[in-house]
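Residues take their numbers from the sequence shown, with the count starting at 1.
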Amino acid sequence: MRETREELVELQALLDDSRSRSTAHLRSIINAERSLTAERLCRILTGMCTLALSTVTAKGEPRISGVDGHFLHGKWLFGTARDAAKARHMAARPAVSAAHMRGEDLGVFTHGTVEALNPPGGEPAADWPDLLAYLKGFYGENAFDWDKDVVYYRLHPHWMAAYAPDLAKLTEA
């Protein structure tokens, strides 16, 4: 787990606030017994987690695709090819939704805006060197031309829910 105490407090506040602002129907499904704490969520979401990522075209049409998600410091991190359609969508319209599901055992649903961590022709995020070291450790030093081939994003959530109907079924790292 890479999260600081402050990041866990912030994530817990987001989870609690999101649940309180949800519809009665959603709160009946993701109730206190089926919701995960920030600390437990961070312990479960280790390594690469496949995300279904939803972006929006210039015509306002939704598009969904899969990306490798990494949950670091209480936020999703993911990348794509610099020339991918989703990269163009997010450059123009940074609002996205992401879902990570493990069968019926776990669902993590997130809405927010993205920040490009290594934008083409722009200044990288202050923590990009540390994140790049993590990514190279995961994928390998030579998996990509890290400067030319891929752009990475951090999803800053304004709403997030984590659902686990049977906590005993989840294996924690």
Side-chain angles (χ1 to χ4, degrees), residues 3 7 10-30 35-36 38 41-42 44-45 47-128 131-132 134-135 138-139 143-164:
E3 288 71 21
E7 289 166 339
E10 182 180 321
L11 179 57
Q12 188 62 56
L14 174 69
L15 291 167
D16 293 343
D17 181 62
S18 298
R19 207 165 131 259
S20 74
R21 292 184 292 122
S22 297
T23 64
H25 170 74
L26 188 61
R27 283 193 315 270
S28 73
I29 296 167
I30 306 177
S35 187
L36 295 171
L41 184 63
C42 292
I44 291 168
L45 297 178
M48 193 278 289
C49 301
T50 305
L51 296 178
L53 179 74
S54 181
T55 60
V56 180
T57 68
K59 292 181 180 179
E61 298 168 329
R63 294 293 183 262
I64 193 164
S65 61
V67 294
D68 289 1
H70 297 267
F71 200 71
L72 300 171
H73 302 289
K75 296 179 180 170
W76 288 113
L77 184 83
F78 62 89
T80 191
R82 289 191 184 273
D83 62 352
K86 68 176 128 300
R88 290 191 309 275
H89 296 169
M90 290 184 288
R93 293 162 300 282
V96 302
S97 293
H100 171 65
M101 296 173 20
R102 296 182 188 169
E104 295 181 2
D105 296 331
L106 176 66
V108 182
F109 309 97
T110 310
H111 307 302
T113 57
V114 293
E115 161 198 14
L117 297 171
N118 60 332
E123 192 67 28
D127 60 345
W128 176 241
L131 297 172
L132 182 59
Y134 164 84
L135 293 166
F138 188 84
Y139 292 108
F144 311 103
D145 181 331
W146 292 93
D147 295 321
K148 294 179 184 174
D149 294 345
V150 294
V151 58
Y152 269 84
Y153 299 90
R154 179 177 10 240
L155 174 48
H156 295 279
H158 59 75
W159 189 91
M160 182 184 285
Y163 169 76

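Without hydrogens or angle criteria, Trp159 side chain to Ser18 main chain gives a donor-acceptor distance under 3.5 Å. Checking side-chain atoms of Asp149 against main-chain N and O of Asp145 turns up a donor-acceptor pair under 3.5 Å.
Atoms CG and CG, from Asp68 and Leu53 in turn, are 11.5 Å apart once rounded to the nearest 0.5 Å. In this structure, CZ in Arg102 is found 6.0 Å from CG in Leu45, a value given to the nearest 0.5 Å. Between the CZ atom of Arg82 and the CG atom of Asn118 there is a distance of 4.5 Å, given to the nearest 0.5 Å. Between Leu131 atom CG and Leu72 atom CG the span is 6.5 Å, to the nearest 0.5 Å. With rounding to the nearest 0.5 Å, the separation of CD in Gln12 from CG in Asp17 is 11.5 Å.
Among residues two or more places apart in sequence or in another chain, the side-chain hydrogen bond (donor to acceptor under 3.5 Å, both in side chains) test is passed with Glu123 by none. In this structure, Arg19 has no side-chain hydrogen bond (donor to acceptor under 3.5 Å, both in side chains) partners at least two apart in sequence or on a different chain. A search for side-chain contact (heavy atoms from CB on, under 4.5 Å) contacts involving Glu7 returns Glu3, Thr4, His73, not counting sequence neighbours. For Glu115, the side-chain hydrogen bond (donor to acceptor under 3.5 Å, both in side chains) test picks out Arg154, His156, with sequence neighbours left out.
Here the side chains of Val151 and Met90 are not in contact, with every heavy-atom distance at 4.5 Å or above. Considering only heavy atoms from C-beta on, Leu14 comes within 4.5 Å of Pro157 through its side chain. Considering only heavy atoms from C-beta on, Pro94 stays 4.5 Å or farther from Tyr153 through its side chain. Counting only heavy atoms from C-beta outward, the side chains of Tyr152 and Leu132 never approach each other to under 4.5 Å. Residues Phe71 and Leu155 form no side-chain contact, since every pair of their non-hydrogen atoms from C-beta on lies 4.5 Å or further apart.
When all heavy atoms are compared, the tightest approach of Pro119 to Pro124 is CD-CA, 4.1 Å. Counting all heavy atoms, side chain and backbone alike, Ala164 lies closest to Leu36 at CB-CD2, 4.0 Å. Minimum heavy-atom separation, Ala81 to Ala87: O-CB, 3.7 Å. When all heavy atoms of Leu41 and Ala162 are compared, the closest pair comes out as CD1-CB, 3.9 Å.
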Would you sort out whether Cys42 and Leu11 count as a side chain to side chain contact (heavy atoms under 4.5 Å, CB included), showing the intermediate values?
-> CA-CA 10 Å; Cys42 292; Leu11 179 57; 3.7 Å; yes
Decide yes or no on side chain to side chain contact (heavy atoms under 4.5 Å, CB included) for Leu135 and Val150, but give the supporting numbers first.
-> CA-CA 12 Å; Leu135 293 166; Val150 294; over 6 Å; no
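Under the 30°/60° scheme for interplanar angles, the aromatic rings of Trp146 and Phe144 are found to stand perpendicular.
Ring pair Tyr139/His70: centre-to-centre distance below 6.0 Å.
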Which side-chain N or O atoms in residues 103-114 pair as donor and acceptor under 3.5 Å with protein atoms at least two apart or in another chain?
{"residue": "Thr110", "atom": "OG1", "partner": "Trp76", "partner atom": "NE1", "Å": "3.4"}
{"residue": "His111", "atom": "ND1", "partner": "Ser97", "partner atom": "OG", "Å": "2.7"}

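Here side-chain hydrogen bond (donor to acceptor under 3.5 Å, both in side chains) pairs that include residues 48-59, with residues two or more places apart or in two chains, are Thr55-His89.
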